[in-house]
Amino acid sequence: MKTLTTDKIKLDILFYFFLLIIGFIIMQYSPVFFTKFEPDSTSYINYDPVRKTLYPIIIDLLEKNNEKNFYNLIFFQKVFLLLSIIFLIFSLKTLNVNFFFLIIIFSLIFFNFYYTSFAKVILTEAIFFGFLNFSFGLLFLKKYLLKSKILCLLFGLFIGGIIAIKSIGVLVALLLFFVLIKKNFYKNKKCILFALIGATLLPAIENIVYYSKYEDRKSVFNRSLIGKIFMISGKKEFDLNIFNKKYQKFITIFSEESREIHLFLDKIENPFLIANLKADYETIGQYQFDAKINDFKSEYRLDDFDIFLQKLTIEVIKNYPFEYFKMILWHYLGLWSPGSKQLLLNDITSTIIPYEKMLETSSGEMLEINKSLMILVNLFFFFLFLIFTIISIKSFYNFFFDSINKNTIIDILILICQIYLLAISMTNIATPRYFMPIFPIVLISVLWHINVFFN
């Protein structure tokens, strides 16, 4: 028996080492969907006040004596993301799956070149993905996690990284921490304590550095609010006269453009194309009316513009809740349809696309992809969406109503993914960039259920 056990351990080590080498080769030589410097990159390099400071700190640490050619940063991101994926795959052994299942998961993650491309660009995504993968992996290893102070400390450290790297990380971290404490708080107080200690470290460093540079915390959330007002104000049902004069003046900055956009969108029949275009047009509203908005702020001497914007958004949503709800659904659908715009936009060339130059600016540059491959990608995500929706209903039932099957780790992680997607849909726009953090868990959940079904 000892020989068999030793042989199995050696086989496991060899298997994961093989995956590590293959993963590094793929990560190193796979196609890149973006340029190294994306529109947001400069804001991280220069410590823009609307950004969290953990990523700029990492940039400075790695590029301090390197004249900021970013080779060290890119290499670190590749290795960090690679190790996190391998660790996540390793942790799946607790689901009693075989090597074939693990190889499929490995292949679908690493051959998603859009996902791996983020390791080669100056953005927070690769490190954010890594923190999530390590956290998810430790939750799959929960029975070991709850017995080890070091693992609890590491889990807290990764959760703290999630909080300190991106604003949406606060919600995700709270949900992940909920998994750890659920039904285990009184049994594992030391584990919870060590996790809390770990979780405070990186956010504390981020806060110290941020407030050493700025007095008040700023964010891009208000730009999201402008985008919501922009899109709702162009609907046929929208009545400007129900708002006060100051609100009317602000809305008229872009209401005409918004109406023209909606007239164009109403002629399109393909829902996936509509979802993608709505997201891009909302980005136009967020970023491309700054000059007019600044004139408005000067005219009304608005020192508290953030408060003004928040109150106006509440008024707009309160008067048009159904339109806001439809926006959420469109964004949710758009998160599951990467590349639909590139694939389908050529089908409407007979129609003049309004504000096409602005649309190109808001979309950014991406690698051109073969049309047949793009069709396969969209079909893959469409079926992923359908199956994940079905198993989400099952997980919701298990979690709240089934006393026998409730609270399995897969069910809880599926619900966390859905909460994350809904939060993005409510507060931001649909873009594949926002779907990718949970892509590995969505994939694992779907394939695990398929595996269980056929067995």
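Below, each value reflects all heavy atoms present in this structure, side chains not excepted, and no hydrogens, waters or symmetry copies.
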A.B. asks: With sequence neighbours left out, what residues match Y55 under ring pair (Phe, Tyr, Trp, His ring centres under 6.0 Å)?
C.D. replies: Y44
A.B. asks: In plain terms, say whether E315 and K318 are close enough for a salt bridge, that is, a side-chain N and a carboxylate O under 4.0 Å apart.
C.D. replies: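 Between K318 and E315 there is a salt bridge, with a charged N closer than 4.0 Å to a carboxylate O.
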A.B. asks: Between E257 and K292 (salt bridge meaning N to carboxylate O under 4.0 Å), is one present in this structure?
C.D. replies: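 Salt bridge: yes.
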A.B. asks: Going by the ring-ring contact (aromatic ring centres under 6.0 Å, His included) test, name the single residue among F388, W330, F383 that passes it with W336.
C.D. replies: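 That would be F388; it is the only one of F388, W330, F383 passing the ring-ring contact (aromatic ring centres under 6.0 Å, His included) with W336.
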A.B. asks: Please list, one pair per line, the donor and acceptor atoms closer than 3.5 Å that link side chains of residues 419-426 to other protein atoms, with sequence neighbours excluded.
C.D. replies:
| from | atom 1 | to | atom 2 | distance (Å) |
| --- | --- | --- | --- | --- |
| Y420 | OH | Y434 | O | 2.5 |
| S425 | OG | Y332 | N | 3.3 |
| S425 | OG | L421 | O | 2.8 |

A.B. asks: With sequence neighbours left out, what residues match F131 under ring pair (Phe, Tyr, Trp, His ring centres under 6.0 Å)?
C.D. replies: F80
A.B. asks: Within 45° of the ring axis of Y210 and under 6.0 Å from its six-membered ring centre, is that where the NZ or CZ of R217 lies?
C.D. replies: yes
A.B. asks: Could you tell me whether D40 and R51 have a side-chain N and a carboxylate O separated by less than 4.0 Å?
C.D. replies: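 So D40 pairs with R51 through a salt bridge.
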A.B. asks: Identify all side-chain donor-acceptor contacts of residues 22-33 below 3.5 Å with residues at least two apart in sequence or on another chain.
C.D. replies:
| from | atom 1 | to | atom 2 | distance (Å) |
| --- | --- | --- | --- | --- |
| Q28 | OE1 | K78 | NZ | 3.4 |
| S30 | OG | I26 | O | 2.9 |
| S30 | OG | K120 | NZ | 2.9 |

A.B. asks: Judged by atom type as modelled, is there a donor-acceptor pair below 3.5 Å linking the side chain of H262 to the main-chain atoms of M231?
C.D. replies: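 Indeed, once roles are kept as given, a pair shorter than 3.5 Å links the two residues.
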A.B. asks: For this output row, return yes or no: ring centroids of F250 and F243 closer than 6.0 angstrom.
C.D. replies: no
A.B. asks: Can the ring centroids of Y115 and F129 be said to lie less than 6.0 angstrom from one another?
C.D. replies: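 Yes: the rings meet the under 6.0 Å criterion.
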A.B. asks: How would you list, by chain and number, every residue that makes a ring pair (Phe, Tyr, Trp, His ring centres under 6.0 Å) with F106, sequence neighbours excluded?
C.D. replies: F110
A.B. asks: Compute the centroid of each ring, for F34 and then for F118, and state whether the two points are separated by less than 6.0 Å.
C.D. replies: yes
A.B. asks: Run the side-chain donor-acceptor check on residues 87-95: report pairs under 3.5 Å with partners two or more places apart or on a different chain.
C.D. replies:
| from | atom 1 | to | atom 2 | distance (Å) |
| --- | --- | --- | --- | --- |
| S91 | OG | L88 | O | 2.6 |
| T94 | OG1 | S91 | O | 2.9 |
| T94 | OG1 | F140 | O | 3.0 |

